[in-house]
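See below for the structure under consideration.
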Number of protein chains: 2
Amino acid sequence: MTTSPAASAAATSQRTTLTRRRILAAALAYIDTHGLDALSMHKLGAELGVKAMSLYNHVANKDDLLDGVVELLWTEVERAAPAEGDWRHGVRAFAHALRDVVRHHPNAAPLLTRQQIMPAPALRVVRAHIAAATDGGEPEERAYALLRTITRYALGSSLAEVSWGLGEGCAPSVSDLLRPGISDELAAVAEIFCGHGAPDAEFKLGLDLMLRGLEPTQPAQGARPPRRRR
Amino acid sequence: MTTSPAASAAATSQRTTLTRRRILAAALAYIDTHGLDALSMHKLGAELGVKAMSLYNHVANKDDLLDGVVELLWTEVERAAPAEGDWRHGVRAFAHALRDVVRHHPNAAPLLTRQQIMPAPALRVVRAHIAAATDGGEPEERAYALLRTITRYALGSSLAEVSWGLGEGCAPSVSDLLRPGISDELAAVAEIFCGHGAPDAEFKLGLDLMLRGLEPTQPAQGARPPRRRR
DNA sequence: ACCTGAACACCGTTCAAGT
DNA sequence: ACCTGAACACCGTTCAAGT
């Protein structure tokens, strides 16, 4: 609106200054839209109204860029699942937040296990829930083991879910998940294995089972006699 | 040893004919050794004593090549975990086989969730264990749900485990998992979260919890009174 | 049927030069 | 301090040509 004549000449290109933050956000958006393999430094630069080489003033290289995207994904988890209230609810919310991020960014999600990095927001959100659990009376050792297990379960199972799921950024039909020459019997197996089922309910069921088993001190609201530990 | 003079001239290059099978095996070996990003059609061709373009006679493109690598990984799972004997043991063996493949091929494993494909050996091994469970008396619907859940748990949690684990093809030390500027407190969290713990025992515990919860008809060998279903 | 030379547009990255 | 032109080796893929 109130741009200077000089700025208006630049038109659609960078209307704000280039920043590591802006670059990462643009990279994630590009991956969401065009897929992981389609991302290149050249195209990302163009997206930001800048040449590819300019990006190297803010990221060390492409690997560092992808690490930054992973950091961004964990930031979403942190924002969605702060530790507050009963820590059991908090851990559940954390698991669901992790799954939601994977489902909202199916193209970028494989980076979470490919980049071999634990960015700061990941450590922060994990630390927060561990602290909540220890404040709630759990021994520290068990709080760590619990968060480790829940994190693996939530991230991993949602990655697998997205990879073989249908609709919503996943494969549109089962046949897209199969190699062309597959036999009819195996295609029928895939139809049920990938197509049927209720992902939400199955994720929640598995989560409940793990939490119930991992935290034997208090059997939740069921009020059932305690089982032998471990 | 008993090669013809003509063949000996070719020396180290292709001593056997080029095959889709050989190409895939070489690709997996290359990824295992040099990492996923290092693989290129040019270098893979050179590895096989052939020019890059020759590969296109046996694979459609690089994506098809990577699909084939995924197929190879599932073949290892199928070989390691045939359905035989009690189906409960079979499903446990299946989960452990999946985890072992991920741990033996940490560089290639992310392809399992990135390629969005269910190759024939994956469907075969899943079908075998579903059949074993239904033969053992489980309703078909539950057998599918059980295999779905166990597959997600085993694949996913081992992917996450490898991604943040230490040693054996993983990051050699915790500091390799952290961005340089991290605070000391968060580094300490990472030290415990990634470094401590017993991955084998934690994987097995989670698996037991899920199986025990998913299969309420027979409480395994514990001989405990049945709980209310679902 | 399968391998290759030549060629294409594209990729990640460097570096000296500009401002 | 940050952006760029020019350039590098490398990449995926095609196609006509060889055998």
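Here is the naming used below: chain letters follow the sequence lines, and residue numbers restart at 1 for every chain.
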Report the distance from atom [atom1] of [X] to atom [atom2] of [N], rounded to the nearest whole Å.
X     : N      : atom1 : atom2 : value
B/H42 : D/dG12 : NE2   : P     : 6 Å
A/R20 : D/dA1  : CZ    : P     : 18 Å
A/M53 : C/dC11 : CE    : C1'   : 13 Å
A/L36 : C/dC11 : CG    : P     : 14 Å

Checklist entry - So which pairs with a foot in residues 46-59 of chain B pass salt bridge (charged side-chain N to carboxylate O under 4.0 Å, His left out), sequence neighbours left out? => result none
Item to check | Pairs involving residues 102-125 of chain B, ordered by first then second residue, that meet salt bridge (charged side-chain N to carboxylate O under 4.0 Å, His left out) (sequence neighbours left out) | outcome: A/D37-B/R114, B/E78-B/R124, B/R103-B/E161, B/R103-B/D200
Item to check | Given B/T134, B/L146, B/I130, the one that forms side-chain contact (heavy atoms from CB on, under 4.5 Å) with B/W87 | outcome: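 Exactly one option meets the side-chain contact (heavy atoms from CB on, under 4.5 Å) with B/W87, and it is B/L146.
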Item to check | Residues in side chain to side chain contact (heavy atoms under 4.5 Å, CB included) contact with B/H105, at least two apart in sequence or another chain | outcome: B/L28, B/D32, B/L73, B/E76, B/V101, B/A108
Item to check | Heavy-atom pair of closest approach, residues A/A160 and B/L155 | outcome: CB-CD2, 4.5 Å
Checklist entry - So A/Y153 and A/F203, would you call those rings parallel, tilted or perpendicular, with 30° and 60° as cut-offs? => result parallel
Checklist outcome for this item: Taken in chain and number order and not counting sequence neighbours, the residues that satisfy salt bridge (Lys or Arg N to Asp or Glu O under 4.0 Å) with A/E71 are B/R179
Next on the checklist: Check this one for me: any side-chain N or O of B/K51 less than 4.0 Å away from OP1 or OP2 of C/dA6?
Outcome noted: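 Looking at the OP1 and OP2 atoms of C/dA6, neither is under 4.0 Å from any side-chain N or O of B/K51.
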Next on the checklist: For a stem of at least 3 consecutive Watson-Crick or G-U pairs with distances under 3.5 Å, i pairing with j, i+1 with j-1 and so on, which stems involve DNA chain D?
Outcome noted: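 Counting only runs of 3 or more consecutive pairs, the stems involving DNA chain D are C:4-8 with D:12-16, C:12-16 with D:4-8.
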Next on the checklist: Which residues in residues 54-70 of chain B have a heavy atom closer than 4.0 Å to any atom of DNA chain C?
Outcome noted: B/S54, B/N57, B/H58
